[in-house]
Every structure is written in C-alpha cells, then in structure tokens.
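The structure under discussion appears below in the form of structure tokens.
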Amino acid sequence: MSRGIERTISICGLFSSLLVLPVASILPGVGADLRMTNSAMGDHRTGGYNDIKSYFAIDLEDGALRTPELIAKYGYPVESHEATSADGYIISVTRIPPRKQLHPWPILLVHGLLASSADFLIIGPNNSLAYLLADRGYDVWLADMRGNRYSQKHTRLSSDSPEYWDFTWHEMGYYDLPSVIDLILRRTGAQQLNYIGHSQGTTAFYVMASSRPEYNERIAHMYALSPAVFISHLRSPLTRWLLRIVDALKDLFDTLGIHQFLPHSAGQLQISKMLCPLNDPGNLCIQIVSMTVGPNPKMMDMVAMQVLVGHDPSGASVKQMLHFAQLVRSGKFRQFDYGRRNNTERYSHWKPPAYNLSAITTPMTIFYARNDWLIDPRNALRLARLLPKEPTMHLVEDDNFNHLDFTMAKNARAMVYERIFSDLVDREKADRNR
C-alpha cells in the first residue's frame, strides 16, 4: 500500500469517527436523533429520491464537476491560470472573463477553510456570487489556496512529502494572495482589485494586509463575509468537542505521519448519496453541518447540500487546523505558536508575533450574522474596533443566517450579495465623479 493511499484511508477513517463519536457519545440528545434516523428513516422521508427538486437551477451531477467544468456547463467563458508564490507553491486561479469590459476593477473571490473556488458556484446561475458578478459584467477571479484539491503543485516539493504540508493560513496570506493579486493586476492592467473573502478567505487577507501593508494600496475595497480573525464564544458543539481533543489528535497525526487533513476524494459524492439521502431532511450530513455552522433548515437546499459534499471537504494541512485551534484557545490573532523554545529561535521572542491590524488601511465592509455558530457577532465587532479605518458593518437581517449561508443559503443573494452589488455601483460612481 502506498503512503498516499494509506494516509487517505487513515484520514477517511478518522473523519468517520469525528462525525459519529461527538454526535452519538458526546451529545446524547443528538445521538438519539441520529439513531432514530438510522432505524426509522421512513418517518422523515417526503418522497422518492428522484422526486426531490432544488430551489436552485442546479443538478446533482454538479457535485462531480471541477470548477472550470461548472462554469462552462452554465454557459460562461472560463480561463485557467496559475500563480507561483515566492516560496514555490503553485496556486490555481480560475477566471470568468467579462464579455464586455464594464468595470474598472476586477474582483477576486477567496474561499473558506476546507473549501474551494467551487463554493462561489454551487448554488448555480442567478444565485451564486461568482455568476451574479459575471452577469453584471465584472471580471471575476476565483483563487484556490495551497493544499486544496486544485492547488497541490510546487516548484520542487511533492505533495506526498511532509515538507509540502508545512504551512498554515499565514503562508496563504503572506505568499499566496500577493502572487494571485500580482497575476490579476498584471493580466488585466488594472491598478487595483476588489476582494471578497469568506471565513478563512478573510483570515488570509488580514495576514497579508497587516504583514505586507504595501498590498493595501492594491485593494479598492474588501468585503469580509464572516471574518475569521477572532474566534471565541463558539456555539458549535462539534467544534468545541474537537478543540477539547486537539492535542490528542495532533499526537495521533504525528504517530501516523499524517499531514493532510480531509483531502478531497473522487468518491465522496457517491458516499454522501448513500449516507445522506436527499429524501431524508434529517440525514447525517444535514445534522453535522447544522451542528457546525448553525441550523437554518428553511434556507437550506437538499440538492445544493449534496452538491457541496461532492466538492468539500477539499483538503487542508493539519498545521493549518492547529493554527485555527490556537486562535480559539488564545483569543489572539498571532502567528503560529511553535512553543517557547522554538518561538525564540524563529521569532526572537518566546511568544509568536501578533499581526499588526493597525497597518491595515484597505477600506472594507464586514458582513456578520447572529446565528453564525463559528464567528460570533462579538468577534466581528471586536475586529472592527481594532482596525484603524472604521469599516462599514452589516449585520445580516435574517436572524437564522449562519456561517455557511454566506455561500449556500436560498436568501444569500437578497441578504448579502445585493448589498455588495449596490455598494460596488456606488463606489464606481463616486470614483468617476472625483
């Protein structure tokens, strides 16, 4: 058995355990619900598997398509590009070029943790953010951060090597984003671009804007969807449980030589069809997602959720996950903590350096939600207070809106995207009138 296959099997087995153990053992009430679902699925079913229709104009096969294939399927032009970071990682960047140049600034979309560029496409034309921007004539670019299914190439390292996976979202912000931004500005001839990030896509941005402040001048405006900078007041029971055992998990990963966390598998869509049938609105996938990001069943589409599982998880490094755990435990936005002795060698101080948020001058709008079980509204407000230039704050009006809803909800367009479009138009008008 090859090391790559062995590691994938280990991860798949671990993921299954992570899904079942906290639900069935740590959360008895939910565990009982899941046992009831497994033994009496007929009580939940609302019709045959093929009778389930989507609110969106999408198909189940979308879960098996790669990002460029999705874009082409729905009739949009598509280009594939690569940006090489200063430390040798090759980042996949997908472009939906405008049919006619209508706007001065291209737009870069950056996905969240364990996700990919497909997250901005999953709910299809007339609903997904990338398509809606393209419909309005914007030059749309979608980045895939290092380590996910689309960006596992390096100028000299193999993705099978431990050295390849020695990164967190710090390197994404310090190396990947600058290389992607430089590529876009070079190809388009623009002086600036607009940036839209979701969750980890915001984390990487704040690393870049604070550590490489010259890039603030290259961003016309930044839209932060559920910014993951301060992570406290967690309401997700599954995430809290994982945090309690994170040290044991690290020891297990080290023992097994595992450096990649939840890699994408070509078979995960088929597995989800078996474990999480569409005609069971209380299926395992729905319950796991709800316990992680916050429940909002009325805005959740069953077909879209199954398409999502075909794309995500899309892979990350174990170190990347540990860095997020560090954020939660410390309550501080700092570089990776290697321990007192190693910190002193790396940083010349026993504590990891804090990111200098006061260096961030990019104008921005922050969107946050009351029912976000990962990024509590208090975290978004804390971030806003620490930025030198006061951001525009927008609390999503739907009280049930959760962390995943920023890319997946039936009302994401009405609650979030239309406000972005309106702001983009207003700022272009203001720029022309100067």
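Only heavy atoms go into these numbers, but all of them, side chains included; no hydrogens, no water, no symmetry mates. Counting begins at 1 with the first residue of the sequence.
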**Study point:** Rounded distance [0.5 Å steps], CG in D431 versus CG in D426
**Key:** 12.5 Å

Exercise for review: Would you please test Y206 and M222 for side-chain contact (heavy atoms from CB on, under 4.5 Å) and show each step?
Suggested key: CA-CA 10 Å; Y206 289 116; M222 189 268 193; 4.2 Å; yes

Review point. Is it true that a side-chain atom of R378 and a backbone atom of H233 form a donor plus acceptor pair closer than 3.5 Å?
Key: no

Review point. Which distance, rounded to the nearest 0.5 Å, do you find between the CG of L424 and the CG of L133?
Key: 7.0 Å

Practice item. Could you check if a side-chain atom of N216 sits within less than 4.5 angstrom of a side-chain atom of I360, using non-hydrogen atoms only? Key: yes

Exercise for review: Report yes if the side chains of S128 and F56 come closer than 4.5 Å at any heavy-atom pair, otherwise no.
Suggested key: no

Review point. Do the non-hydrogen side-chain atoms of F324 and L322 ever get within less than 4.5 Å of each other?
Key: no

Review point. Once you round to the nearest 0.5 Å, how far does OG1 of T202 lie from CD1 of I375?
Key: 7.5 Å

Exercise for review: Determine whether the side chains of S92 and S151 contain a donor N or O and an acceptor N or O closer than 3.5 Å.
Suggested key: no

Point to revise | Distance (rounded to the nearest 0.5 Å) between L109 CG and T407 OG1 | key: 11.0 Å

Exercise for review: State yes or no: are the ring centers of H403 and H198 separated by less than 6.0 Å?
Suggested key: yes

Practice item. Would you please say whether a donor-acceptor pair under 3.5 Å links the side chains of D301 and S54? Key: yes

Check your understanding: Any chance CD of E79 has more than 12 other-residue heavy atoms, nucleotides or ligands included, within less than 6.0 Å?
Key -> yes

Practice item. Considering only NZ, NE, NH1 and NH2 on the basic side and carboxylate oxygens on the acidic side, decide whether R146 and E171 come within less than 4.0 Å. Key: no

Review point. Is the side chain of N371 donor-acceptor paired with the backbone N or O of P295 at a distance under 3.5 Å, no angle test?
Key: yes

Exercise for review: Return yes if a side-chain donor-acceptor contact under 3.5 Å exists between N402 and D372, otherwise no.
Suggested key: no

Point to revise | Donor-acceptor pair, side chain of H323 and main chain of F167, under 3.5 angstrom | key: no

Review point. Looking only at heavy atoms, what is the nearest atom pair of I123 and A409, with distance?
Key: CD1-O, 4.0 Å

Check your understanding: Are Y74 and D62 close enough that a side-chain donor and a side-chain acceptor fall under 3.5 Å?
Key -> yes

Review point. With a 3.5 Å cut-off and no angle check, do the side chains of D312 and S314 form a donor-acceptor pair?
Key: no

Exercise for review: Please determine if R212 forms a cation-pi arrangement with Y215, meaning its NZ or CZ atom is less than 6.0 Å from the six-membered ring centre and no more than 45° off the ring axis.
Suggested key: no

Exercise for review: Check whether more than 12 heavy atoms from other residues, nucleotides or ligands sit under 6.0 Å from atom CD of E390, and answer yes or no.
Suggested key: no

Exercise for review: Evaluate the side-chain proximity of R427 to N194: yes if any heavy-atom separation is below 4.5 Å, no if none is.
Suggested key: yes

Practice item. Would you check if the side chain of W141 reaches a backbone N or O of V93 as a donor-acceptor pair within less than 3.5 Å? Key: no

Check your understanding: Side chains of R419 and H394: donor-acceptor distance under 3.5 Å anywhere?
Key -> yes

Review point. Any donor-acceptor pair under 3.5 Å linking the side chain of Q268 with the backbone of S265?
Key: yes

Point to revise | Partner of Y89 under ring-ring contact (aromatic ring centres under 6.0 Å, His included), chosen from Y174, Y164, Y150, Y175 | key: Y164

**Study point:** Residue pair S80, T94: steps toward the side-chain hydrogen bond (donor to acceptor under 3.5 Å, both in side chains) verdict
**Key:** CA-CA 5 Å; S80 296; T94 305; 4.9 Å; no

Review point. Do you know which two heavy atoms are closest between A316 and L113, and how far apart they sit?
Key: CB-CD1, 4.4 Å

Review point. Charged N to carboxylate O below 4.0 Å: is that the case for E82 and K153?
Key: yes

Point to revise | Any side-chain heavy-atom pair of L357 and F333 under 4.5 Å | key: yes

Check your understanding: Do the side chain of R95 and the main chain of D139 share a donor and acceptor less than 3.5 angstrom apart?
Key -> no

Check your understanding: Do I286 and I288 come close enough that some side-chain heavy atom pair is under 4.5 Å?
Key -> no

Check your understanding: Under 3.5 Å, is there a donor-acceptor pair linking the side chains of H221 and T362?
Key -> no

Check your understanding: Within 45 degrees of the axis of the six-membered ring of F401 and under 6.0 Å from its centre: does R370 put its NZ or CZ there?
Key -> no

**Study point:** Q326 versus D337, closest heavy-atom pair with distance
**Key:** OE1-N, 2.8 Å

Check your understanding: Ignoring hydrogens and geometry, is there a side-chain-to-backbone donor-acceptor pair from S211 to V207 under 3.5 Å?
Key -> yes

Review point. Are side-chain N/O atoms of D423 and Y223 paired as donor and acceptor at under 3.5 Å?
Key: yes

**Study point:** Cation over ring face, K319 and F336, 6.0 Å, 45°
**Key:** yes

**Study point:** Worked check of side-chain hydrogen bond (donor to acceptor under 3.5 Å, both in side chains) between Q320 and Q200
**Key:** CA-CA 10 Å; Q320 186 178 335; Q200 181 188 257; 2.7 Å; yes

Practice item. Look up atom CD1 in I90 and atom OG in S85, then write down how far apart they are to the nearest 0.5 Å. Key: 8.5 Å

Check your understanding: Partners of S232 by side chain to side chain contact (heavy atoms under 4.5 Å, CB included), sequence neighbours excluded?
Key -> N379

Point to revise | Under 3.5 Å donor-acceptor, S317 side chain and T168 backbone | key: no

Check your understanding: With a 3.5 Å cut-off and no angle check, do the side chains of N411 and D398 form a donor-acceptor pair?
Key -> yes

**Study point:** CD on E214 to OG1 on T361, rounded to 0.5 Å
**Key:** 10.5 Å

Exercise for review: Go through the steps for D135 and Y76 under the test side-chain hydrogen bond (donor to acceptor under 3.5 Å, both in side chains), then give the verdict.
Suggested key: CA-CA 9 Å; D135 291 341; Y76 291 83; 2.7 Å; yes

Exercise for review: Using atom types as modelled and distance alone, determine if a side-chain donor or acceptor of Y138 lies under 3.5 Å from a backbone N or O of P97.
Suggested key: no

Check your understanding: Should V78 and L70 count as side-chain neighbours, where that means a heavy-atom distance under 4.5 Å?
Key -> no

Review point. What's the verdict on ring pair (Phe, Tyr, Trp, His ring centres under 6.0 Å) for F205 and Y195, showing C-alpha distance, side-chain angles and the deciding distance?
Key: CA-CA 9 Å; F205 176 87; Y195 185 105; 4.8 Å; yes

Check your understanding: Backbone N or O of R218 within a donor-acceptor pair of the Q192 side chain at under 3.5 Å?
Key -> no

Practice item. Could you pull out the closest heavy-atom pair between M302 and L278, with the gap in Å? Key: CE-O, 3.1 Å

**Study point:** NZ/NE/NH1/NH2 to OD/OE distance under 4.0 Å, D144 and R149
**Key:** no

Check your understanding: After noting the C-alpha distance and the side-chain angles of L185 and L193, does the key distance pass the side-chain contact (heavy atoms from CB on, under 4.5 Å) rule?
Key -> CA-CA 7 Å; L185 297 184; L193 57 76; 4.2 Å; yes

**Study point:** salt_bridge(E428, R136) N-O dist < 4.0 Å
**Key:** no

Check your understanding: Looking only at heavy atoms, what is the nearest atom pair of T188 and P106, with distance?
Key -> OG1-CG, 3.9 Å

**Study point:** H170 and Y355, any side-chain heavy atoms less than 4.5 Å apart
**Key:** yes

Point to revise | Heavy-atom closest pair, residues C285 and V309 | key: SG-CG2, 4.5 Å

